[in-house]
Amino acid sequence: MTRATVIEHAKRLIAHPSITPATGSVFDEMEAMLEPLGFEISRFIAGDRPEDAEHGGAVENLFAIRHGAPGSRHFAYAGHLDVVPPGEGWQTDPFVPEIRGDLLYGRGAVDMKGSIAAFVSALQDLPEDLGTISLIITGDEEGPARFGTVALMDLMAERGITPDLCLVGEPTSVNQLGDMMKIGRRGSVNMWITVNGMQGHVAYPHNADNPITKLGKILSEIDALQLDQGTDWFQPSNIEFTDLHVGNPAHNVIPAKAKGRLSIRFNDQHSGESLSAMIQEIVERHGGELKPIISGEPFLTPPGDFSDIVASAIREITGVDPELSTSGGTSDARFLAKITPVVEFGLCNATMHKLDEAVAIDDLEQLSKIFALIVQRALR
């Protein structure tokens, strides 16, 4: 079998316009890369019922596994083939990969088709009897994530498959490849507040009930909360107001309804449920209603053998000593951490989601070598 380069793998994936939620040809490409390497491929569509449309609709997922000897350790790599919309203003077609200088351009080059290409390239250098290796690949990480990694985990549970360790290939590096890896993430909950009042004339407030006044009291009380001081591994939890809406076109009318929205990013001193209950008490005390949606709970993989394996591989290939961090937004690691220890590591994130997204060719080649070392040492 002819060995494909990591650049060739990355180009093949970027060439498919897999805007979230992704299905179809990009998964055909992924399957074509993995089958010659001895992987059993399972593909399925989730979220294709009519009632699922409001949560993003149909998503394709792929689970690939190459079994080692009975009783051998199982190492999993998780990633996503969907990308955010490219937007207008690219120098070239975002789905026609192009090398200019020492950079490979294209939507998904960093987040995260480049990382997947690096892992597939690394597999070519690993003996098939090393141990069990799997890839957990979704088409719905950039979207609602309702029918992606969670559905893949359901499939794995049905088959009695649980990895010993999982590496999520998100772009975690900041200024240079290897300067940061993630051992945890904060949780996320979004909340919608509705306050109903009674419409009336502003000159006769006794005949009306102003919901804006009540909403103001609610927001003021929430704003005064200090959730925590942070922990050894997490920054303090924070509450941010993200929207206010009344929609009152008349200057002389007290409106009938006022709405607000907030987002909380929280560390492992809280849960989505406990924070929802805390805010709900405040909202209801002032006559409002609350609708919370928990996007994910916080997780932490305490520093230990797994993080040491990843960090030592990074140092050996790049000479960089990575920072162990829990910063940033959520990722699908929040789901996988429920079943196995998870660490996130990948490319530099400077151009992800931006126009002219690009990855350094040297970074792709080094990342593939790092991944190969990680898998070898994790399966010993």
Side-chain angles (χ1 to χ4, degrees), residues 6 9 30 34 37 39 62-66 68 72-81 110-126 130-138 141 148-149 152-153 156 161-173 177-185 299-318 320 322-326 328 330-349 363-364 366-380:
V6 63
H9 281 132
M30 187 88 234
L34 292 173
L37 298 175
F39 282 83
L62 180 150
F63 179 72
I65 189 164
R66 188 172 74 189
S72 62
R73 289 173 62 78
H74 177 179
F75 183 89
Y77 172 91
H80 62 91
L81 286 169
V110 170
D111 189 14
M112 61 175 290
K113 293 179 178 180
S115 176
I116 293 174
F119 191 79
V120 173
S121 183
L123 292 172
Q124 297 176 121
D125 299 323
L126 299 176
L130 182 63
T132 297
I133 300 173
S134 66
L135 291 90
I136 305 166
I137 306 296
T138 181
E141 194 273 347
T149 296
L152 282 157
M153 290 167 61
M156 293 161 63
I161 298 171
T162 304
D164 294 294
L165 300 170
C166 181
L167 179 72
V168 177
E170 288 286 350
T172 60
S173 301
L177 181 67
D179 61 2
M180 183 176 289
M181 52 187 275
K182 308 282 187 181
I183 59 169
R185 297 270 190 168
F299 78 90
L300 177 69
T301 301
D305 291 342
F306 189 17
S307 56
D308 288 347
I309 287 171
V310 177
S312 65
I314 293 169
R315 280 192 296 268
E316 185 167 331
I317 300 301
T318 68
V320 176
E323 174 188 352
L324 276 60
S325 173
T326 61
T330 59
S331 75
D332 278 3
R334 69 189 188 273
F335 305 124
L336 294 160
K338 297 176 182 178
I339 63 171
T340 188
V342 176
V343 168
E344 297 181 54
F345 174 66
L347 295 161
C348 293
N349 54 30
D363 282 359
L364 278 177
Q366 289 196 85
L367 183 62
S368 184
K369 294 176 183 177
I370 292 169
F371 284 164
L373 279 181
I374 292 171
V375 177
Q376 289 171 14
R377 293 169 181 176
L379 292 177
R380 282 177 181 168

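All values reported here derive from a predicted model rather than from experimental measurement.
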Solution key, residues 341-349 side-chain donor-acceptor pairs under 3.5 Å, sequence neighbours excluded:
residue	atom	partner	partner atom	Å
Glu344	OE1	Arg185	NE	3.4
Glu344	OE1	Arg185	NH2	2.7
Glu344	OE1	Ser331	OG	3.2
Glu344	OE2	Arg185	NE	2.9
Glu344	OE2	Ser331	OG	3.0
Asn349	ND2	Pro171	O	3.4
Asn349	ND2	Ser173	O	3.3

Check step by step if side chain to side chain contact (heavy atoms under 4.5 Å, CB included) holds for Val320 and Leu177. CA-CA 8 Å; Val320 176; Leu177 181 67; over 6 Å; no

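- For the pair His74/Thr162, no side-chain contact is recorded, criterion being any heavy-atom separation below 4.5 Å from C-beta on.
- Side chains of Lys182 and Val168 form no contact here, defined as non-hydrogen atoms less than 4.5 Å apart.
- To the nearest 0.5 Å, atom CD of residue Glu170 and atom CD of residue Glu141 are 4.5 Å apart.
- The two residues Leu167 and Phe306 come nearest to each other via the heavy atoms N-CZ, 4.3 Å.
- Of all heavy-atom pairs spanning Thr132 and Gly68, the tightest one is OG1-N, 2.9 Å.
- For the pair Thr172 (side chain) and Met180 (backbone), a donor-acceptor distance under 3.5 Å is present.
- In plain terms, the two heavy atoms of Ile309 and Ala378 that are nearest each other are CD1-CA, 3.9 Å.
- Judged by distance alone, the side chain of Thr138 and the main-chain N or O of His80 form no donor-acceptor pair under 3.5 Å.
- Proximity of a side-chain donor or acceptor of Ser115 to a complementary backbone N or O of Gly169 within less than 3.5 Å is detected.
- Taking the side chain to side chain donor-acceptor pair (under 3.5 Å) definition, one finds that Gln366 meets it with Asp362, sequence neighbours left out.
- Between Pro163 and Met156, some side-chain heavy-atom pair lies under the 4.5 Å cut-off.
- By the 4.5 Å heavy-atom criterion applied to side chains, Asp332 and Arg334 are counted as neighbours.
- Looking only at side-chain heavy atoms (C-beta outward), Phe119 and Ile374 stay at 4.5 Å or farther from each other.
- Between Ser325 atom OG and Met181 atom CE the span is 10.0 Å, to the nearest 0.5 Å.
- Of all the heavy atoms in Thr340 and Cys166, the pair that sits closest is CG2-CB, 3.7 Å.
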Could you check Leu126 against Gln376 for side chain to side chain contact (heavy atoms under 4.5 Å, CB included), going step by step and ending with a plain yes or no? CA-CA 8 Å; Leu126 299 176; Gln376 289 171 14; 3.3 Å; yes

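- Between Ile136 and Phe63, the closest side-chain pair of non-hydrogen atoms falls below 4.5 Å.
- Between the CG atom in Leu81 and the CD1 atom in Ile116 there is a gap of 4.0 Å [rounded to 0.5 Å].
- Using cut-offs of 30° and 60° for the angle between ring planes, the Tyr77 and Phe371 rings count as perpendicular.
- With sequence neighbours excluded, no residue satisfies side chain to side chain donor-acceptor pair (under 3.5 Å) with Ser307.
- Contacts of Arg73 classified as side-chain contact (heavy atoms from CB on, under 4.5 Å), with partners at least two apart in sequence or in another chain: Asp164, Leu165, Leu379.
- The side-chain contact (heavy atoms from CB on, under 4.5 Å) check on Asp125 picks up Arg3, with sequence neighbours excluded.
- A heavy-atom distance below 4.5 Å is not found between the side chains of Leu364 and His9.
- By the 4.5 Å heavy-atom criterion applied to side chains, Leu123 and Val375 are not counted as neighbours.
- Looking at residues two or more places apart in sequence or on another chain, you find a side-chain contact (heavy atoms from CB on, under 4.5 Å) between Ser312 and Arg315, Arg377.
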